[in-house]
Engineer: 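Okay, handing you the structure first.
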Amino acid sequence: MNRNIAIDGPAGAGKSTIAKRLAAQLGYVYVDTGAIYRTVGLYALRNGVDKADTAGLTALLTEIQVDLRYGPQGQQMLLNGEDVTDAIRTPEVAAYASSVAAIPAVRAFLLDKQRELARRQNVIMDGRDIGTVVLPDAAVKIFLTASPQVRAKRRWLELTEKGSRESYETVLAEVEARDAADRSRPIAPLRQAEDAILADTSDLNFEESVALLTRIIREKFAELGCEQP
Ligand code: DC
């Protein structure tokens, strides 16, 4: 039986930091699917293709080779052989990622890559459509969320620590715009799968959030009769 864990939710809900810790605890591979969309977004940005130019963005796919590599620092992203792990972490690339993610051809291009990773090993995979589209038969599905204000505050702190001078208001506006775009797109929109468990971390700190998800996973594995990892 597969024991994959799918975590979906809006930007800034803490998916990646929490999932990384859970993966270390469980001995799972952590797969950050947002990074894959960001890598495609970065290529579009660098090539000066307009975010609204669907045909232009789709045409780029023939030129792109996206690879994931797992090393001591976790998941690294390679774009045509270049390590872009850090370069994809900007708000500009995030906005591009959201645009390319709305294109059916882009999602189809990346779907097998994500499924293949989950076939090879136990993964804890985070994104927007993991429980609904990528791994519909994941053993555990969690929809992780928090209020837009809390998520924007966390993202703003993260960016500020990295030296960014963006204001909280700007970050909140970006978070809300990206949520709206991710939720309203016709293909694989951000939504809670029917069999996903909702976890709201608005009032929880990092350790409390990890404890909540650890409990959810344990209970689900017990219910399914799987051995605890
Ligand atoms: O999680 P993130 O901020 O790194 O994701 C960047 C963008 O990629 C996000 O706005 C939506 C998109 N995305 C997606 O459509 N499907 C996924 N499984 C993961 C991310």
Side-chain angles (χ1 to χ4, degrees), residues 4-20 30-45 51-52 54 57-58 61 64 66 68 74-77 79 84-118 123-136 138 141-146 148 151-152 154-159 162 164 166 171-193 196 201:
N4 292 320
I5 300 170
I7 303 187
D8 291 301
K15 296 186 301 289
S16 64
T17 37
I18 296 171
K20 258 183 224 165
Y30 164 58
V31 181
D32 169 5
T33 63
I36 309 177
Y37 288 94
R38 283 171 180 263
T39 300
V40 177
L42 175 67
Y43 190 79
L45 172 65
K51 277 201 293 250
T54 304
L57 294 169
T58 305
L61 293 176
I64 307 184
V66 177
L68 288 89
Q75 176 180 317
Q76 288 173 291
M77 292 309 306
L79 171 59
V84 294
T85 311
D86 296 327
I88 58 174
R89 297 290 153 201
T90 69
E92 211 181 1
V93 174
Y96 258 86
S98 194
S99 294
V100 299
I103 302 173
V106 172
R107 302 203 75 87
F109 176 72
L110 299 177
L111 186 60
D112 277 348
K113 194 174 282 297
Q114 297 168 76
R115 287 193 174 149
E116 180 56 31
L117 288 161
V123 295
I124 178 158
M125 188 176 277
D126 81 14
R128 304 293 188 285
D129 63 335
I130 310 306
T132 50
V133 177
V134 180
L135 305 177
K141 297 182 188 178
I142 295 169
F143 194 80
L144 190 70
T145 191
R151 292 186 284 116
R154 290 178 187 157
R155 189 125 291 189
W156 175 77
L157 283 171
E158 211 175 275
L159 289 168
K162 285 184 190 155
S164 155
E166 267 199 280
V171 177
L172 176 61
E174 279 164 4
V175 162
E176 287 179 330
R178 211 138 65 85
D179 280 2
D182 293 345
R183 283 183 200 278
S184 64
R185 68 179 176 221
I187 180 163
L190 167 65
R191 70 172 177 86
Q192 182 178 346
T201 66

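Both counts, for ligands and for their atoms, begin at 1 and track the order of listing.
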Engineer: Can you find a heavy atom in the side chain of M77 that is under 4.5 Å from one in the side chain of D32?
Structural biologist: no

Engineer: Taking side chain as C-beta onward, heavy atoms only, is P91 less than 4.5 Å from R155?
Structural biologist: no

Engineer: So do R107 and D129 actually touch side chain to side chain, heavy atoms under 4.5 Å?
Structural biologist: yes

Engineer: Please report which non-hydrogen protein atom sits nearest to atom 16 (N) of ligand 1, along with the residue it belongs to and the distance in Å to one decimal place.
Structural biologist: R107 NH2, 3.0 Å

Engineer: Around atom 8 (O) of ligand 1, find the nearest protein heavy atom and jot down its residue, atom name and distance.
Structural biologist: Y37 CB, 3.5 Å

Engineer: Quick one: which ligand 1 atoms are inside 4.0 Å of a heavy atom on R178?
Structural biologist: 3 (O), 5 (O), 6 (C), 7 (C), 9 (C), 10 (O)

Engineer: Taking C-beta and beyond as the side chain, do F143 and R191 meet within less than 4.5 Å on heavy atoms?
Structural biologist: no

Engineer: For atom 20 (C) of ligand 1, what's the nearest protein heavy-atom neighbour? Residue, atom name and distance, please.
Structural biologist: G34 CA, 3.5 Å

Engineer: Taking distance alone, with N or O pairs closer than 3.5 Å, would you say D126 contacts ligand 1?
Structural biologist: no

Engineer: Identify the closest protein heavy atom to atom 1 (O) of ligand 1: which residue and atom is it, and at what distance?
Structural biologist: R128 NH1, 3.0 Å

Engineer: Can you list the ligand 1 atoms lying under 4.0 Å from a non-hydrogen atom of D182?
Structural biologist: 9 (C), 10 (O), 11 (C)

Engineer: Does any part of the side chain of R154, heavy atoms only, come nearer than 4.5 Å to the side chain of T201, both counted from C-beta?
Structural biologist: yes

Engineer: Using a 4.0 Å cut-off to any heavy atom of S98, which atoms of ligand 1 qualify?
Structural biologist: 10 (O)

Engineer: For K15 and G127, work out which heavy atoms get closest and say how close.
Structural biologist: CE-O, 3.5 Å

Engineer: Given E174, Q114, R185, which has its nearest heavy atom closest to atom 15 (O) of ligand 1?
Structural biologist: R185

Engineer: Considering only protein heavy atoms, which is closest to atom 19 (C) of ligand 1, and at what distance to one decimal place?
Structural biologist: T33 OG1, 3.4 Å

Engineer: In the structure I gave you, are the side-chain heavy atoms of M125 and N4 within less than 4.5 Å of one another anywhere?
Structural biologist: no

Engineer: Can you tell me which portion of M125 lies within the under-4.0 Å heavy-atom range of ligand 1? Options are side chain, backbone, both, or neither.
Structural biologist: neither

Engineer: At less than 4.0 angstrom from any non-hydrogen atom of R38, what atoms of ligand 1 do you find?
Structural biologist: 2 (P), 3 (O), 4 (O), 6 (C)

Engineer: What protein heavy atom is closest to atom 12 (C) of ligand 1, reported as residue, atom name and distance in Å?
Structural biologist: A101 CB, 3.7 Å

Engineer: Has E92 got more than 12 heavy atoms of other residues, nucleotides or ligands less than 6.0 Å from its CD?
Structural biologist: no

Engineer: Going by the order shown, which atoms of ligand 1 are within less than 4.0 Å of some heavy atom of G127?
Structural biologist: 17 (C), 18 (N), 19 (C)

Engineer: Before you tell me yes or no, could you show the steps for S98 and D182 under side chain to side chain donor-acceptor pair (under 3.5 Å), namely the whole-Å CA-CA distance, both residues' side-chain angles and the distance that decides it to 0.1 Å?
Structural biologist: CA-CA 7 Å; S98 194; D182 293 345; 2.9 Å; yes

